[in-house]
**Q** 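I'd like to ask you about the structure that follows.
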Amino acid sequence: MNYFSDKKFAELGDAGMREELEEVQFLNQEDVEDYINTVTALQVIQGKWKTLIIWQICSGQVRFNELRRMIPKASQKMLSQHLRELEQAGVIQRKVYPENPPKVEYSLTELGHTLEPVFEKLREWGELYRCQMSPQDASHMVSDVVTKR
């Protein structure tokens, strides 16, 4: 059973996960806890654009249209959905200013700020990985994300 892509994982809850994981061969209880914690973290940040959204918001408050310009390949619908999911997870907060038209800004919550060192490590790993690739392959990977629709 693949918990990284299976929606069943989210529906099981902690006790249900433990029961399901009894089928998996772990060395000890600590392995079970590590597995559950890792999968939980991945469930929160998985999604094609969520990591880029969080990374962009790490630098400070961002408005929706700014995010659309920063992540041009993300559709408006997908960007809105990911922002809602990250807000529900407590990673980002949405602040609406009572103006006409309404002004909305997104920023990291206190919990969201705890992801900053994780993103720094991902950036470092990405740099290491790209150094091992051919320049053509490295530029192709980046263009897949930043080229406009």
Side-chain angles (χ1 to χ4, degrees), residues 1-14 17-18 20-21 23-97 103-149:
M1 187 177 297
N2 183 354
Y3 289 105
F4 293 103
S5 61
D6 189 356
K7 287 192 176 189
K8 182 178 179 184
F9 174 82
E11 298 166 2
L12 288 174
D14 209 41
M17 277 189 283
R18 290 175 200 289
E20 290 282 324
L21 291 174
E23 299 172 16
V24 181
Q25 295 296 312
F26 286 102
L27 297 176
N28 55 44
Q29 185 61 32
E30 188 175 313
D31 289 342
V32 173
E33 292 298 320
D34 288 347
Y35 186 87
I36 290 171
N37 292 336
T38 301
V39 173
T40 300
L42 290 172
Q43 284 285 324
V44 171
I45 65 171
Q46 84 177 6
K48 186 169 184 175
W49 306 110
K50 282 185 184 178
T51 52
L52 288 175
I53 291 168
I54 296 167
W55 180 69
Q56 292 292 350
I57 296 176
C58 278
S59 59
Q61 291 183 336
V62 180
R63 295 182 67 180
F64 183 82
N65 284 331
E66 289 175 307
L67 280 171
R68 287 204 62 201
R69 284 190 294 276
M70 294 171 182
I71 311 170
K73 283 208 159 188
S75 70
Q76 183 172 342
K77 179 183 175 184
M78 189 56 66
L79 194 56
S80 294
Q81 179 182 329
H82 284 337
L83 285 165
R84 264 192 312 277
E85 291 171 3
L86 289 167
E87 186 180 9
Q88 288 171 350
V91 175
I92 65 170
Q93 57 192 0
R94 179 178 185 261
K95 184 172 183 181
V96 181
Y97 295 91
K103 176 181 170 182
V104 179
E105 290 182 335
Y106 297 92
S107 59
L108 293 178
T109 61
E110 191 173 320
L111 177 64
H113 280 291
T114 64
L115 285 168
E116 289 175 319
V118 175
F119 280 87
E120 178 58 24
K121 288 295 183 189
L122 277 172
R123 187 203 58 76
E124 290 172 7
W125 187 87
E127 181 179 10
L128 176 70
Y129 183 75
R130 289 184 70 231
C131 286
Q132 295 179 28
M133 300 174 72
S134 72
Q136 187 177 21
D137 288 342
S139 66
H140 176 70
M141 290 182 77
V142 173
S143 69
D144 286 348
V145 176
V146 297
T147 305
K148 290 193 183 241
R149 300 187 273 282

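Quick caveat: nothing in here was measured; it's all calculated off a predicted structure.
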**Q** Can you establish whether the number of heavy atoms outside E124 located under 6.0 Å from its atom CD is more than 12?
**A**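 Above 12, so yes.
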**Q** Does the side-chain contact (heavy atoms from CB on, under 4.5 Å) test come out yes or no for W55 and R123, once each step is laid out?
**A** CA-CA 10 Å; W55 180 69; R123 187 203 58 76; 5.6 Å; no
**Q** Measure the spacing between CD of Q61 and CD1 of I92 and express it to the nearest 0.5 Å.
**A** 12.0 Å
**Q** OG1/T114 to CG/L111 distance, rounded to the nearest 0.5 angstrom?
**A**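 Rounded to the nearest 0.5 Å, the OG1-CG separation comes out at 4.5 Å.
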**Q** Decide side-chain contact (heavy atoms from CB on, under 4.5 Å) for L83 and R94; before the verdict, give the C-alpha distance in whole Å, the side-chain angles of both, and the deciding distance to 0.1 Å.
**A** CA-CA 9 Å; L83 285 165; R94 179 178 185 261; over 6 Å; no
**Q** Identify, with sequence neighbours excluded, every residue that meets salt bridge (charged side-chain N to carboxylate O under 4.0 Å, His left out) alongside E116.
**A** none
**Q** Could you walk me through whether M70 and V62 pass side-chain contact (heavy atoms from CB on, under 4.5 Å), step by step?
**A** CA-CA 10 Å; M70 294 171 182; V62 180; 4.1 Å; yes
**Q** Please name the pair of heavy atoms, one in L79 and one in R68, separated by the smallest distance, quoted to 0.1 Å.
**A**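 L79 and R68 have their closest heavy atoms at CD2-CG, 3.4 Å.
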**Q** To the nearest 0.5 Å, how far apart are OG1 in T38 and CD in Q43?
**A** 12.0 Å
**Q** Under a 4.0 Å threshold between the charged nitrogen and the carboxylate oxygen, would R69 count as salt-bridged to E66?
**A** no
**Q** In Å and rounded to the nearest 0.5 Å, what is the CD1 to CZ distance from I57 to F119?
**A** 10.0 Å
**Q** Please determine whether side-chain contact (heavy atoms from CB on, under 4.5 Å) holds for the pair E85 and H82, giving the CA-CA distance in whole Å, both sets of side-chain angles, and the decisive distance to 0.1 Å.
**A** CA-CA 5 Å; E85 291 171 3; H82 284 337; 3.7 Å; yes
**Q** Working to the nearest 0.5 Å, report the span between CD1 of I45 and CG of L122.
**A** 7.0 Å
**Q** Any side-chain donor-acceptor pair under 3.5 Å between Y106 and E87?
**A**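 No donor-acceptor contact under 3.5 Å links the two side chains.
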**Q** Once you round to the nearest 0.5 Å, how far does CD of Q81 lie from NZ of K50?
**A** 8.0 Å
